[in-house]
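Keep in mind that this is a model prediction, so the values were computed, not measured. Read the numbers this way: they start at 1 and go in the same order the structure lists the ligands and their atoms.
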Amino acid sequence: MENSYMAAVVALGTATPDREVLMEAYARNYGDNMGLPPDQILLAERICSKAGIGRKYLAIPFERYSEESPNDFPRLNKRLAWYEEEAVGLAEKAARQAIEEWGGLLYEITHIIVYSTSGALSPGLDLRLIKRLGLSSSTKHFWVAFNGCHAGIMGLRTAAEIARGAGPATRVLVVWVEINSCQAQSSDPASSPANNIVVASIFGDGSAAAIVAHPSYSTSASSSPPIPHLFEVQDATSDYIDGPESAEAIVARVRETGLYAGLSKQVPELIEAHVDAFSSGMLEDMQLTYNSVNWIVHPGGRAIVDAVQNGCHLQDNQLELSRKILNDYSNMGAPTIIFTLKLLHAEHVKCRKSLEWVFALAFGPGISMEGMILRLP
Ligand SMILES: CC(C)(COP(=O)(O)OP(=O)(O)OC[C@H]1O[C@@H](n2cnc3c(N)ncnc32)[C@H](O)[C@@H]1OP(=O)(O)O)[C@@H](O)C(=O)NCCC(=O)NCCSC(=O)/C=C/c1ccc(O)cc1
């Protein structure tokens, strides 16, 4: 009998750079190394104290910025060089963890898709990972740059659509990697100091990977021993918040000074105003309710998690996994929601939570909204 769900997530991997940075001294360290005036350091301290972040992992410490001469504050080429040095190794670490957890044979991976917003390269990380991981040279590869944080769910959805359409032998390796630490700004005249401080405060570095397979994976004639699915992908929907305020509320631009991330102060209230209609529409279609699902929300910032909680009238415990990942890793962009899903799966294995359904939700430039309904088998 044909399975009714789209695809199976059969493995998840995560990785961070080795350098752990505690948030207590973060604002001063950022301010001192970037040459900020005292009032901006105070603002950075205020923002860090409200960020809901306890620690994060950074590949490029702020000291690297202060090592550059003041007249040569790292420009785009320097930042892209830093990205190239760090991104592929971190992505490889997450991908290897997922492959190991899966336990299958490398030549069975049919597709690889890599998402990254914090840098740009060609040949892309897709081809570089094929070589470093030793995948077949005929692996179909996709390099999807410059999407933003909603790409965590977008990547799972795309992999599920490929796996569903391309047949039982399909194994899609999806990798997300962000080296946000090479994008810290202080001197770009086109952006406000407060925006620079918010961006430097809430973002960190990380990578995640998933292996997504056709629903009949465990019963296929694969030479690998079948392993239980982590999640069944049941449904996925994309939408965006329309209107003049939201179109430019979250932006990423490539400038001479590096990548510019712009976050308007309106982002949390825009999400709060629209998240209920999007979420209830998706869940009602599957005869689910807010209380019958585990909520996995992209922790884009403390105010984003608050906005979802307020907009959907959720209890504190419904968002505790998103807040825990924000506290332990910060907003790493697209990989962050995969860290949150992995944590949910680990908790499920440990204590068999009663809820089998999962609602995952991510936001990015647009304001794009990506929702996915999964089931813990
Ligand atoms: C932790 C924050 C920063 C502050 O907490 P708060 O409860 O809002 O606190 P306050 O309202 O008291 O604000 C503290 C100060 O920060 C200022 N502020 C407060 N948001 C702002 C603000 N977006 N601007 C510029 N000043 C501000 C605010 O004006 C205030 O300044 P001051 O009155 O002088 O103390 C909180 O607002 C927060 O979590 N904001 C982040 C929300 C957000 O847009 N997240 C991104 C979602 S989308 C995503 O995840 C990825 C997108 C992405 C995009 C591009 C890429 O390249 C990659 C990825």
More than 12 heavy atoms of other residues, nucleotides or ligands under 6.0 Å from CG of Asp39: yes or no? yes

Sidechain N-carboxylate O distance under 4.0 Å for Asp235, Arg375: no

When Ile, Leu, Val, Met, Phe, Trp and Tyr are grouped by side-chain heavy atoms lying under 4.5 Å apart, directly or through other members, which residues fall in the same group as Phe146? Leu76, Leu80, Val254, Leu259

Residues lining ligand 1 [heavy-atom distance under 4.0 Å, listed by chain and residue number]: Leu43, Arg46, Ile47, Lys50, Ala51, Thr117, Cys149, Ala194, Asn195, Val198, Ile202, Phe203, Ile250, Val251, Ala252, Leu259, Ala261, Leu263, Ser264, Lys265, Val267, His298, Gly300, Gly301, Arg302, Ala303, Ile304, Asn331

What salt bridge (charged side-chain N to carboxylate O under 4.0 Å, His left out) pairs are there with at least one residue in residues 322-336, not counting sequence neighbours? Arg55-Asp328, Asp306-Arg323, Lys324-Asp328

For Arg132, all residues meeting side chain to side chain donor-acceptor pair (under 3.5 Å), sequence neighbours excluded: Glu92

Is it true that the NZ or CZ of Arg253 lies under 6.0 Å from the centre of Tyr260's six-membered ring and within 45 degrees of the ring axis? no

